[in-house]
Amino acid sequence: MVFKRGKRRPISQIVWESIWPRGGWGRAATYVTHRLRRLPDEPHRIARGIFAGVFISFTPFFGFHLILAGLIAWLVRGNILAALLATFAGNPLTTPLVAYSSVELGHWILGIPGGMPLSAIFGAFSDAGLELWRNFRAIFTDDVTHWDRLGQFFQVVFLPYLVGGIGPGIAVSLVFYYASIPVVKGYQKLRLLKLKERIEKVRAAKAARAEADRLAAQNRVDQV
């Protein structure tokens, strides 16, 4: 194949680049911002898409953020691609802070005593995923399904995360919404201005060539 990678990346490199992309997260953030500004849509629709993507990053629906961000963007008539790109707000650098603060706030709102360290929160999500997989396999085997641990996970981790993330998620998403509108408008105006300048240059070059051709033709007539 023409575009086949010459040397396959090892699994360790793939995992590491999912945590720390090439060029660092600063470069990745710059790329996402550039893509958002260049989207060919109305600024308010792009802003609504950004709102959807940022908000869903504050929820515990890991693995479904892209689908849910696109659905919310569709419901609020936002730009779906902008929503998908804005889920970048939930990355390995920000997710630990969001997870810990959301669970702590959710515990406080729901009146659940005691806090949870960050390692316990992510460990609970990992255990819940394994438990779901075992229960799914049990459908096709003689194994017995167990839901008690998942019930405890829902009450102690998932529900507090969801409840505690709604308020901060809306607040941060609104900041991104209102901040992105003037940025996108300014970028689109600048891009339109540059496009007009290029068109004027092309027209001027064509007019200059036409004038040169006219003078050349006039010279040939005068020589005759």
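Just so it is clear, the values below take in all heavy atoms, side chains as well, and ignore hydrogens, waters and symmetry mates. From a predicted model like this one, the values you see are computed outputs, not experimental measurements.
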Item to check | Arg48 versus Gly78, closest heavy-atom pair with distance | outcome: CB-CA, 3.8 Å
Checklist entry - Closest heavy-atom contact between Pro160 and Ile112? => result CG-CD1, 3.8 Å
Next on the checklist: Test of understanding: clusters of I, L, V, M, F, W, Y form through side-chain heavy atoms closer than 4.5 Å, transitively. Do Ile50 and Trp74 belong to the same one?
Outcome noted: no
Next on the checklist: Which label fits Tyr177 and His44: parallel for a plane angle under 30°, tilted from 30 to 60°, or perpendicular past 60°?
Outcome noted: tilted
Item to check | Flag, side chain of Ser101 to backbone of Val98, donor-acceptor distance under 3.5 Å | outcome: yes
Checklist entry - Which pair of non-hydrogen atoms, one from Ala83 and one from Ala52, has the smallest distance, and what is that distance? => result CB-CB, 4.2 Å
Next on the checklist: How long is the straight-line distance from CG of Leu66 back to CD1 of Ile80, given to the nearest 0.5 Å?
Outcome noted: 12.0 Å
Next on the checklist: If hydrophobic clusters are built by linking Ile, Leu, Val, Met, Phe, Trp and Tyr wherever their side-chain heavy atoms come under 4.5 Å apart, do Val175 and Ile181 end up in the same one?
Outcome noted: no
Next on the checklist: Please check this pair: side chain of Asn91 against backbone of Phe88, looking for a donor-acceptor N/O pair closer than 3.5 Å.
Outcome noted: yes
Checklist entry - Angle class for the Phe51/Phe55 ring planes (parallel below 30°, perpendicular above 60°, tilted otherwise)? => result parallel
Checklist entry - Of all heavy-atom pairs between Ser102 and Gly165, which one has the smallest distance, and what is that distance? => result OG-CA, 3.5 Å
Checklist entry - If only atom types and distance count, is the side chain of Arg45 paired as donor or acceptor with the main-chain N or O of Arg77 below 3.5 Å? => result yes
Item to check | Check: Thr95 side chain, Pro92 main-chain N or O, donor-acceptor pair, under 3.5 Å | outcome: no
Checklist entry - Counting only heavy atoms not in Phe122, do more than 12 sit closer than 6.0 Å to its CZ atom? => result yes
Item to check | Nearest atoms (heavy-atom pairs only) where Ile121 meets Ala99 | outcome: CD1-O, 4.1 Å
Next on the checklist: As an exercise, state the distance from CD1 of Ile166 to CD1 of Ile109, rounded to the nearest 0.5 Å.
Outcome noted: 8.5 Å
Item to check | Test item: Glu104 side-chain N/O and Met116 main-chain N/O as donor-acceptor pair under 3.5 Å | outcome: yes
Checklist entry - So how far is it from Leu68 CG to Thr59 OG1, rounded to the nearest 0.5 Å? => result 6.5 Å
Next on the checklist: Do Phe61 and Leu162 have side chains that approach each other closer than 4.5 Å (heavy atoms only, starting at C-beta)?
Outcome noted: yes
Checklist entry - What distance separates Tyr187 OH from Ser180 OG, expressed to the nearest 0.5 Å? => result 15.0 Å
Next on the checklist: According to ring pair (Phe, Tyr, Trp, His ring centres under 6.0 Å), who are the partners of Phe154, at least two apart in sequence or on a separate chain?
Outcome noted: Phe158
Checklist entry - Sub-3.5 Å donor-acceptor pair from the side chain of His107 to the main-chain atoms of Val156, do we have one? => result yes
Checklist entry - How about Tyr178: does its OH atom have over 12 heavy atoms from other parts shown lying under 6.0 Å from it? => result no
Item to check | Thr87 side, atom OG1; Ile56 side, atom CD1 - distance, nearest 0.5 Å | outcome: 10.0 Å
Checklist entry - Are Leu159 and Phe153 connected, step by step, through hydrophobic side chains (Ile, Leu, Val, Met, Phe, Trp, Tyr) whose heavy atoms are closer than 4.5 Å? => result yes
Item to check | Distance in Å, Leu110 CG paired with Leu105 CG, rounded so as to fall on 0.5 Å steps | outcome: 9.0 Å
Next on the checklist: Test your reading of the model: is there a side-chain donor-acceptor pair from Thr94 to the backbone of Ala89, 3.5 Å cut-off?
Outcome noted: yes
Next on the checklist: Test of understanding: clusters of I, L, V, M, F, W, Y form through side-chain heavy atoms closer than 4.5 Å, transitively. Do Phe125 and Val163 belong to the same one?
Outcome noted: yes
Checklist entry - Hey, quick one: are Phe62 and Leu71 part of the same hydrophobic cluster, counting side-chain heavy atoms closer than 4.5 Å, chains of contacts allowed? => result no
